[in-house]
Amino acid sequence: MTRFQKLAVATTITTLTLIVWGGVVRATGSGDGCPDWPTCFGSWVPRWEYHTLIEYVHRALGVIAGLLAVALAVVGVTELVRARRGRPTTTPRGAVWMAVALVPLFGVQGALGGAVVNSELDPAVVTLHFGLAMIVLGVLVAATTLAFEGDDRAGDRGYARLAAITAVATFALLLVGTYVRAEGAGLAFRDWPLMGGRLVPSFGPRGAAEMFAHRVLAILVAALVLWLSVRARTMRERSDRLVRLSTLAGALFVGQIAVGGVNVITELSTWPRALHVGMSAAIWAIVVALAVVARREPVVGRGTGGADVVEAPEVAEPASLGDTVTAYVRLTKPRIIVLLLITTVPAMVLAEGGFPSLWLVLATLVGGSLAAGAANAINMYLDRDIDEVMRRTRSRPLPAHQVPAERALAFGFWLGAFSFLFLSVTVNVLAATLSLAAIAFYVVVYTMWLKRSTTQNIVIGGAAGAAPALIGWAAVTGSLALPAWILFAIVFVWTPPHFWALALRFSGDYAAAGVPMLPVVKGEDETRRQIFLYSLVLFGTTLLLAPTAGLGPIYLATAVVLGGVFVYRALVLWRTASADRSWRLFSYSIVYLAALFGAVALDALV
């Protein structure tokens, strides 16, 4: 590393340590450990007292970071002077000017530190002090990243713009969070993640509005960080460094949310308060680095599966508004949504012991449809390279170039966010959380991980399709019970034989696309055997529901008859290989599920 790079790294680490220690100062209540500034009790040597020493270490770190910043600026300017005299230098001009700007920023920050002490920890001054600290850290991270990246490379500008938006939103979140802490409003609501038992709280308590704004911004930033991570992993031109940075930011943000919950649960204990500040600074630094790297990181042509790909031709926009609407509706896979909703209403009827209110049913169905549509749209974005290869899926909106890929991702992403908000407000938070979990499972676990890596993809991934039964039950009761989990298990066990029957018919497509579906990897004979074995497990699972949920002869007779036919068809398919038989079993499996859950509702009603 060059001298500039070494100094930049050292200054960044010291500044980050300074900010983290500032969190310790706030968490321990040591902000007035030294009541005067710049001295401490009128002396440059601190007293040997707990709060005084904590505050004094903070000030000492500030001095060290400021001196390092001055040294960084001097070294950078020296490098530029040498370059003008014809001597080679690898230090980018932009990084040097950022380093120069840090010197006055550190001076202003030091003065603000004195203002914090003299104002007796006024919330506005504390917030301004922390905000400027984040600006200093952001400039340092940008300068350090630029020092290693260089000036002469260009990356994905769209991704860099998204990272910049995320950085701005993160900065706003940090400011609001600091103000909440400074106002002493960290326990404006003593429950988490709700606020006074509600998603949208009453703003009567002191600090309630600020805390509500903080949590709303946290949700927004979480969504943006997740979007950054998904985009980084699925860009046709993909950078491993963007993947690593965005994944780290996402992991830290998940941890930050958990620490925020611990803050409330422990009633603002010292260590989670300090950790919350430290993690917020780390997230901010990573997002800034991500924005800089995205503007300069050279990218390589790889698809979501890691194979080399050829760039798709420019997307042709649909010719009319009707075509546009149709294309976006098709992104949601409406026929699959209908199949999912078939399991929702019977679960609600069983939970209610009768038919629930029409408004609750409609709200649950609308919210569930939006959630399923969001998952399907994001799935189409992630699988667009596969869909271009498979004959069955070539006519979908993205392979047919009817919708720009990035707009499809945005559509699915914001549709999912709206579905969560809609279900939270109109139904309950548990139902909304389950729907959000189903989206995440389908997108991350099934589509991004399992589908391209294991023959068990559809087995484990079936959990996402089984979630509507849980959502329907939670919508009525606000909780989950054993019958709900058995309904979930029925759909979970039904999914493999249902999908493998389809995969038998299109195994050539899956082989061409490199998707390790069971018929491709294990062969058709093993697939037919597995279909028969799963049909037996399905038959037994459906019988468990009768005694558990108190269902009577209507359901029991239906489960026995329909299950017997399913097992018989699966047995015939196993013994006699036939594309027509596999297709007929697939078609029957849809009728089977609808009729079985219809019997659940009918039995519960009568």
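Quick caveat: nothing in here was measured; it's all calculated off a predicted structure.
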So, does [X] use its side chain to make a donor-acceptor pair with the main chain of [Y] at under 3.5 Å?
X: Ser229; Y: Leu226; answer: no
X: Arg528; Y: Leu573; answer: yes
X: Arg384; Y: Tyr381; answer: yes
X: Trp494; Y: Ser589; answer: yes
X: His401; Y: Pro399; answer: yes
X: Thr454; Y: Leu450; answer: no
X: Asn376; Y: Ala372; answer: yes
X: Tyr328; Y: Asp323; answer: no

[atom1] of [X] to [atom2] of [Y]: how many Å apart, nearest 0.5 Å?
X: Leu585; Y: Phe532; atom1: CG; atom2: CZ; answer: 12.0 Å
X: Thr332; Y: Ile337; atom1: OG1; atom2: CD1; answer: 4.0 Å
X: Leu504; Y: Met517; atom1: CG; atom2: CE; answer: 11.5 Å
X: Ile219; Y: Leu421; atom1: CD1; atom2: CG; answer: 8.5 Å
X: Trp227; Y: Ile165; atom1: CH2; atom2: CD1; answer: 8.0 Å
X: Asn379; Y: Ile386; atom1: CG; atom2: CD1; answer: 8.5 Å

Task: Donor-acceptor pair between Arg330 and Gln402 side chains, under 3.5 angstrom - done: yes
- [ ] Would you sort out whether Phe253 and Met279 count as a side chain to side chain contact (heavy atoms under 4.5 Å, CB included), showing the intermediate values?
- [x] CA-CA 8 Å; Phe253 204 88; Met279 291 182 69; over 6 Å; no
Under 6.0 Å from the six-membered ring centre of [Y] and within 45° of its axis: does the NZ or CZ of [X] meet both?
X: Arg392; Y: Phe506; answer: yes
X: Arg505; Y: Trp583; answer: yes
X: Arg569; Y: Tyr588; answer: yes

Identify the heavy atoms of [X] and [Y] that sit nearest to each other, and give their distance.
X: Val230; Y: Leu382; result: CG1-CD2, 4.1 Å
X: Ala604; Y: Val349; result: CB-CG1, 3.9 Å
X: Val259; Y: Leu275; result: CG2-CD2, 3.8 Å
X: Phe441; Y: Gly461; result: CE2-CA, 3.8 Å
X: Thr170; Y: Val287; result: OG1-CG2, 4.4 Å
X: Ala475; Y: Val427; result: CB-CG1, 3.5 Å

Task: Mutual orientation of the aromatic rings belonging to Phe488 and Trp485 [parallel < 30°, tilted 30-60°, perpendicular > 60°] - done: perpendicular
Flag the pair [X] / [Y] as yes when at least one side-chain heavy-atom distance between them is below 4.5 Å, and no otherwise.
X: Arg394; Y: Asp387; answer: no
X: Met348; Y: Phe355; answer: no
X: Met380; Y: Pro397; answer: yes
X: Thr343; Y: Ile490; answer: no
X: Thr495; Y: Val459; answer: no
X: Val565; Y: Tyr592; answer: no
X: Gln530; Y: Pro496; answer: no
X: Phe597; Y: Thr344; answer: no

- [ ] Show your reasoning for whether side chain to side chain contact (heavy atoms under 4.5 Å, CB included) applies to Arg244 and Leu248.
- [x] CA-CA 6 Å; Arg244 288 194 295 268; Leu248 180 58; over 6 Å; no
- [ ] Report the C-alpha separation of Leu290 and Arg241 in whole Å, then their side-chain angles, then the decisive distance to 0.1 Å, and conclude whether the side chain to side chain contact (heavy atoms under 4.5 Å, CB included) test is met.
- [x] CA-CA 9 Å; Leu290 194 59; Arg241 286 205 288 178; over 6 Å; no
TODO: Only one of Leu538, Val591, Thr542 passes side chain to side chain contact (heavy atoms under 4.5 Å, CB included) with Phe566; say which it is.
DONE: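 Single side chain to side chain contact (heavy atoms under 4.5 Å, CB included) partner of Phe566 among Leu538, Val591, Thr542: Leu538.
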Open item on the list: Here's a test for you: under side-chain hydrogen bond (donor to acceptor under 3.5 Å, both in side chains), which of Asn457, Thr447, Asp383 qualifies with Arg452?
Closed with: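 Answer to the side-chain hydrogen bond (donor to acceptor under 3.5 Å, both in side chains) test with Arg452 among Asn457, Thr447, Asp383: Asp383.
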Open item on the list: Do the side chains of Asp509 and Arg391 get close enough for a salt bridge, i.e. N-O under 4.0 angstrom?
Closed with: yes
Open item on the list: Measuring centre to centre across the rings, with the benzene-like ring taken for any Trp, is Tyr534 within less than 6.0 Å of Trp500?
Closed with: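 Yes, the ring centres sit under 6.0 Å apart.
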TODO: Could you go through the side chain to side chain contact (heavy atoms under 4.5 Å, CB included) check for Tyr446 and Ile458 one step at a time?
DONE: CA-CA 8 Å; Tyr446 171 67; Ile458 202 63; 4.0 Å; yes
